[in-house]
2 protein chains.
Amino acid sequence: MTEPFPPSAAVHDVSRRVDLTLCAPEEQPRLRADAARNRTRLLEVAAKLATERGAANVTMEAVACAAQVGKGTVFRRFGDRAGLMLALLDHHEQQLQAAFLTGPPPLGPDAPAAERLRAFGPAVMRHEQANRDLYLAANADLRRHFGSPAYHLRVGHVALLLRQLRADVDTALVAHTLLGSLEITLVEHLLAQREMTMERLEAGWYELVARLCVEA
Amino acid sequence: MTEPFPPSAAVHDVSRRVDLTLCAPEEQPRLRADAARNRTRLLEVAAKLATERGAANVTMEAVACAAQVGKGTVFRRFGDRAGLMLALLDHHEQQLQAAFLTGPPPLGPDAPAAERLRAFGPAVMRHEQANRDLYLAANADLRRHFGSPAYHLRVGHVALLLRQLRADVDTALVAHTLLGSLEITLVEHLLAQREMTMERLEAGWYELVARLCVEA
DNA sequence: GAGGAACCGGACCGTGGTCCGGTTTCATTT
DNA sequence: AAATGAAACCGGACCACGGTCCGGTTCCTC
């Protein structure tokens with residue numbers, strides 16, 4: 001399993017305001033020409049297959065085959081299925097990250113921390129819901145999910161906001177808890193249940209944030 | 001996939017005090033003699049294999065083979081791997097359930113709701129940690145996990161306590177959130193990280209409960 | 001251009017899950 | 001009690017997919 005989280009999963013140039021200093025850029029050693037070519041071809045093909053037959057039904061072999069490439073190549077590049085999905089997700093994830101790292105208020109840095117945190121939950125839920133099957137496929141292996149730079153970045157961001165709010169809590173832990181309530185499989189399950197609408201989930205998030213941020 | 005949650009996954013006779021009325025007993029149509037025989041043999045063998053080589057390394061085929069039975073039989077009985085693990089877990093899970101449904105304080109019904117809720121988190125975390133690999137294997141398929149009677153029962157219990165506490169919140173939703181912070185993969189990940197001890201997680205739970213239960 | 005590292009392909013394996021012809025069990029009838 | 005018919009069950013061959021491996025090839029450096 002090489003290169004578990006390839007190119008640009010987390011940090012990209014943050015021009016307006018530096019928000020976080022986690023996740024050192026750390027370019028991986030650079031790809032050989034043919035390898036890079038294959039990589040992009042694989043991603044293109046995978047994206048195409050994902051849209052036309054659903055991310056859940058995209059087979060590693062199918063990707064390899066459609067990209068005129070051996071199966072081994074796919075695995076060497078992305079490690080495993082979850083890795084490929086994560087890479088596929090990378091683009092979307094970056095959009096989300098850009099939204100709360102450098103985007104406009106209320107998500108971005110020009111809003112007060114309290115509003116940013118409030119807006120964060122719905123943004124994540126809506127974003128993940130918009131790319132449901134991709135996120136579901138990528139988070140199939142939970143251990144990997146918690147280790148991913150994307151998750152790491154979210155935790156860091158929420159923890160930062162909590163600290164800015166001077167909330168008298170274990171910020172790191174609370175950040176994980178907050179993210180837990182946004183976990184896509186949970187949201188998915190709640191929406192499938194009766195009576196749980198997106199609006200209700202958002203209201204729940206607001207309430208949660210409010211209760212966790214009152215100063216001791 | 002027949003019989004997704006077989007015998008006694010959730011409700012057993014609650015003699016002291018009726019706490020919940022979810023999960024109608026609903027005996028499934030009764031098993032044929034040979035089927036029942038095979039079922040118990042399979043569970044025995046699976047348990048043995050699980051203890052001696054770790055639940056993660058228990059193969060469906062190995063179980064079938066060791067029980068002198070066709071592979072198809074295992075799958076018909078338990079649906080899939082997660083189903084088998086869930087069945088294996090059933091016994092342990094019942095112990096936990098008994099502890100907070102009918103057990104002694106502070107978990108059981110003779111303690112005030114606030115204390116019961118406080119005690120609930122650590123109890124669950126410790127219990128799941130004690131049977132780590134089994135729970136991890138059983139929760140591999142998250143969708144199944146959220147649908148399981150065991151999870152359902154936990155949610156119902158927490159929601160009940162919240163209602164008894166007159167907490168002015170969306171009890172159902174908060175119950176899910178609270179359980180989310182106990183999710184084994186998350187706990188596992190946090191414990192593996194630096195600085196996160198069991199004590200810290202428990203403190204976090206107390207804080208969480210306290211904040212969510214103050215009356216509006 | 002030569003050497004070596006990185007990469008490629010596809011045969012190979014293990015495991016989860018399905019399928020279906022044959023067998024067993026059980027309720028009912030005689 | 002014995003027979004009988006059908007539903008439930010059994011076994012293991014079979015398939016698909018994720019993941020590994022290694023001999024041969026390609027690319028970059030010097």
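Numbers restart at 1 for each chain; the letters A, B, ... are given by sequence-line order, proteins then strands. Keep in mind that the numbers below use all heavy atoms, side chains included, and drop hydrogens, waters and symmetry copies.
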- Item | Selection from D:dG11, C:dC8, D:dT20 that lies nearest to any side-chain heavy atom of B:V69 | D:dG11
- Query: To the nearest Å, how far apart are B:R77 CZ and C:dG16 C1'?
  - Reply: 18 Å
- Query: Is the backbone of B:A62 close enough, under 3.5 Å, to the side chain of B:T59 for a donor and an acceptor to pair up by distance?
  - Reply: no
- Compute the ring centroids of B:H127 and B:F100, then answer whether they are less than 6.0 Å apart. no
- Message: Of the options D:dG11, D:dC27, C:dT15, whose atoms approach the side-chain atoms of B:T73 most closely?
- Response: D:dG11
- Item | Candidate nucleotides D:dT20, D:dG11, C:dC8, ranked by approach to the side chain of B:R76 - the nearest | D:dG11
- Message: Can you tell me if A:N38 touches the phosphate of C:dC7, counting only side-chain N or O atoms and a distance under 4.0 Å to OP1 or OP2?
- Response: no
- Message: Could you check whether A:E44 pairs with A:R39 (Lys NZ or Arg NE/NH1/NH2 to Asp/Glu carboxylate O, under 4.0 Å)?
- Response: no
- Note on the structure: Closest to the side chain of B:R81, out of C:dC8, C:dG17, D:dG11, is C:dG17
- Item | Nearest-Å distance for atom pair CD/P, residues B:E61 and D:dC10 | 17 Å
- Tell me: CZ of A:R39 to P of C:dA6, nearest whole Å? 18 Å
- Task: Verify the ring-centre separation between A:H145 and A:Y135: is it less than 6.0 angstrom?
- Result: no
- Message: If you only use heavy atoms from C-beta on, which nucleotide in C:dG17, D:dG19, D:dG11 is closest to the side chain of B:D80?
- Response: C:dG17
- Is any side-chain N of the basic residue among B:R211 and B:E207 closer than 4.0 Å to the acidic one's carboxylate O? yes
- B:F75 CZ to D:dG12 C1': how many Å, rounded? 13 Å
- Any A:R37 side-chain nitrogen or oxygen under 4.0 Å from OP1 or OP2 of C:dC7: no
- Query: Nearest-Å distance, CG (A:L84) to C1' (D:dC17)?
  - Reply: 14 Å
- Note on the structure: Heavy-atom nearest nucleotide on DNA chain D taken for A:M60 and for A:G72; more 5' hit belongs to A:M60
- Item | Interatomic distance where CZ belongs to B:F78 and P belongs to D:dC10 [whole Å] | 11 Å
- Message: Using only modelled atom types and a 3.5 angstrom limit, is any donor from either the side chain of A:K71 or the base of D:dG19 paired with an acceptor on the other?
- Response: yes
